[in-house]
There are 2 protein chains.
Amino acid sequence: MRRNAERRQALIDAAIEVLAREGARGLTFRAVDAEAAVPPGTASNYFANRDDLFTQVGGRIYERLLPDEATIARHREGVQDQARYAELMHELVDRVAAFNSGYLALLELRLESTRRPELRAVLTKRIREDIDANIGYHAASGLPGDSTSVVLLYLALNWLIVERLTLPDIFTEQQIHELVDAAVRRSLNA
Amino acid sequence: MRRNAERRQALIDAAIEVLAREGARGLTFRAVDAEAAVPPGTASNYFANRDDLFTQVGGRIYERLLPDEATIARHREGVQDQARYAELMHELVDRVAAFNSGYLALLELRLESTRRPELRAVLTKRIREDIDANIGYHAASGLPGDSTSVVLLYLALNWLIVERLTLPDIFTEQQIHELVDAAVRRSLNA
DNA sequence: AACGTAGTACTACACATGGAGTGGTGTCAA
DNA sequence: TTGACACCACTCCATGTGTAGTACTACGTT
């Protein structure tokens with residue numbers, strides 16, 4: 001098992017792209033090698049087996065989907081009103097759109113996790129942390145609404161993103177924008 | 001190309017199970033043959049190629065996810081109040097749970113549709129019809145709320161189902177029940 | 001400065017698997 | 001008798017795993 005951390009990360013990032021493009025079953029060592037442009041056999045040296053590969057990708061993907069430190073810091077400044085919250089949600093949706101393959105890969109991982117208990121455990125942990133963080137953020141901001149509001153918003157936005165990524169002709173960009181606004185407004189004004 | 005309609009349907013239903021269990025890439029003629037317990041090579045005779053198979057599954061899956069005539073008729077009777085609407089949504093969520101593999105297969109199809117334009121067209125058509133039907137149903141019922149309410153509810157419930165199917169430890173059954181109630185209540189009281 | 005060593009990159013191969021497509025034979029019913 | 005379909009067998013091909021072995025590079029030692 002090789003230890004070169006940069007290379008491992010490059011392989012995992014390549015795996016994310018493969019996942020999004022080829023699906024879970026297409027995530028093979030060879031495909032990862034090809035995507036990362038390293039010689040065939042390299043991935044074999046970095047992951048014990050495919051299960052290990054899935055688990056490591058599951059551990060990393062959330063890091064790449066969450067906003068970076070600077071963005072978080074920026075959002076902690078200024079007034080915390082509903083407009084600001086909506087802005088944050090729009091940014092979330094846009095960020096996902098900009099890292100399209102990351103979100104698709106996460107969906108593939110979710111589906112794959114019905115077959116791989118280890119992967120399911122990793123994803124469950126990450127996602128629960130994310131939801132709790134969102135609830136905490138909302139509570140600290142002093143905005144109206146309760147934790148149910150936050151969860152409902154989480155649900156609606158996630159599917160909105162799925163809809164946009166998988167069947168982009170269902171809603172127009174304009175409709176998506178309005179739906180985000182509506183979701184924030186109605187969730188918080190419960 | 002064979003024409004036996006019953007056999008074709010049996011093959012498509014088998015394909016749905018394969019999709020849910022093995023993923024999109026695992027949907028092969030041979031796997032369908034095995035699942036339907038017919039001799040190898042049969043699926044080859046019923047579908048021109050894999051693309052055709054995907055498209056036909058996409059056309060059929062929605063028929064199996066929607067409520068049957070009797071259920072629809074039953075729901076058209078009696079008072080159309082918010083409690084009744086919530087009941088309908090609970091039934092939707094339960095129906096999906098009872099046909100687990102169907103919903104998972106639909107998710108696989110959505111992901112696969114990012115690679116198959118024909119499939120995307122079929123799914124887009126079906127889903128748009130479904131959303132429009134939901135909006136129409138709501139409007140006819142005379143319940144409070146507008147079309148945005150219906151769409152937001154659609155979004156939230158869909159992801160709730162995804163969450164339950166893929167990572168069942170995120171929310172308890174109790175929480176899911178409450179979230180359905182909350183989603184209906186808050187959507188309609190906009 | 002020469003040497004040795006360890007870790008890693010890279011290459012090659014043996015082995016196995018799985019699936020597509022097709023041609024052909026058997027069977028049944030109109 | 002004929003046509004459609006179920007069933008079977010076989011060829012060809014593509015892909016992937018796991019591993020053994022070679023080449024390179026950096027670094028520490030004397």
Side-chain angles (χ1 to χ4, degrees), chain A residues 1-58 60 105 108-109 111-112 114-119, chain B residues 1-58 60 105 108-109 111-112 114-119:
Chain A
M1 187 79 68
R2 303 298 152 83
R3 283 158 228 291
N4 183 334
E6 291 165 30
R7 202 155 235 245
R8 157 162 280 121
Q9 189 142 311
L11 288 170
I12 292 177
D13 288 345
I16 291 173
E17 298 302 319
V18 172
L19 262 179
R21 204 178 52 236
E22 315 281 350
R25 187 126 164 187
L27 183 65
T28 65
F29 288 159
R30 289 299 188 268
V32 171
D33 291 334
E35 177 70 25
V38 296
T42 302
S44 286
N45 290 327
Y46 276 85
F47 308 96
N49 44 50
R50 284 185 75 223
D51 218 89
D52 185 33
L53 174 57
F54 273 104
T55 309
Q56 292 201 33
V57 172
R60 162 121 175 101
E108 292 281 358
L109 285 178
L111 287 170
E112 188 65 19
T114 61
R115 292 154 223 150
R116 298 182 190 271
E118 272 194 51
L119 176 58
Chain B
M1 187 81 70
R2 303 297 153 84
R3 283 161 230 289
N4 183 334
E6 290 165 30
R7 202 154 236 246
R8 157 161 281 121
Q9 191 143 311
L11 288 170
I12 291 177
D13 287 345
I16 290 173
E17 298 302 319
V18 172
L19 262 179
R21 203 177 56 236
E22 315 281 350
R25 187 123 165 190
L27 182 66
T28 65
F29 287 160
R30 288 300 189 268
V32 171
D33 291 335
E35 177 71 25
V38 295
T42 302
S44 287
N45 289 328
Y46 276 84
F47 308 97
N49 44 51
R50 284 184 76 224
D51 217 89
D52 185 32
L53 174 57
F54 273 104
T55 309
Q56 293 200 33
V57 173
R60 163 124 174 98
E108 292 282 359
L109 285 177
L111 287 170
E112 187 66 17
T114 62
R115 292 153 223 149
R116 298 182 190 270
E118 272 192 51
L119 176 59

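So that the names make sense, note that chain A is the first sequence line, chain B the second, and so on, each numbered from 1. Scope of the values below: all heavy atoms of this structure, side chains included, with no hydrogens, waters or symmetry mates.
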- Query: Side chain of B:Arg2, base of D:dA4: donor and acceptor closer than 3.5 Å?
  - Reply: no
- Task: Report the distance from atom CZ of B:Arg8 to atom P of D:dA4, rounded to the nearest whole Å.
- Result: 15 Å
- Find the distance A:Asn49:CG to D:dT17:P and express it as a whole number of Å. 10 Å
- Message: Any N or O donor-acceptor pair under 3.5 Å from the base of C:dA20 to the side chain of B:Arg30?
- Response: yes
- Message: Taking only side-chain N and O atoms of A:Thr42, does any of them lie within less than 4.0 angstrom of OP1 or OP2 on C:dA9?
- Response: no
- Comparing nearest nucleotides in DNA chain D, the 5'-proximal residue of the pair B:Gly41, A:Gly41 is B:Gly41
- Task: Evaluate side-chain contact (heavy atoms from CB on, under 4.5 Å) for B:Glu17 paired with B:Asp13, printing each intermediate quantity in order.
- Result: CA-CA 7 Å; B:Glu17 298 302 319; B:Asp13 287 345; over 6 Å; no
- Query: A:Phe29 has an atom CZ; how far is it from atom C1' of D:dG16, in whole Å?
  - Reply: 10 Å
- Note on the structure: Residue pair B:Asn4/A:Pro40 against DNA chain D: nearer the 5' end by closest nucleotide is B:Asn4
- Query: Within this structure, what is the CG-to-P distance between B:Asp33 and C:dG18, rounded to whole angstrom?
  - Reply: 15 Å
- Sugar-phosphate only, base, or nothing, as touched by A:Tyr46 at under 4.0 Å among non-hydrogen atoms: sugar-phosphate
- Query: Separation of B:Arg25 atom CZ from D:dG16 atom P, in whole Å?
  - Reply: 6 Å
Restricting both atoms to N or O, compile the protein contacts to nucleotides 25-30 of chain C shorter than 3.5 Å, with distance only.
none

- Between D:dG18 (C1') and A:Leu53 (CG): distance, integer Å: 15 Å
- Query: Where each residue is assigned the nucleotide of DNA chain C containing its nearest heavy atom, which of B:Ser44 and A:Asn45 is assigned the position nearer the 5′ end?
  - Reply: A:Asn45
- When you get a sec, tell me which of C:dC10, D:dG18, D:dA6 is the closest nucleotide to the side chain of B:Arg7? D:dA6
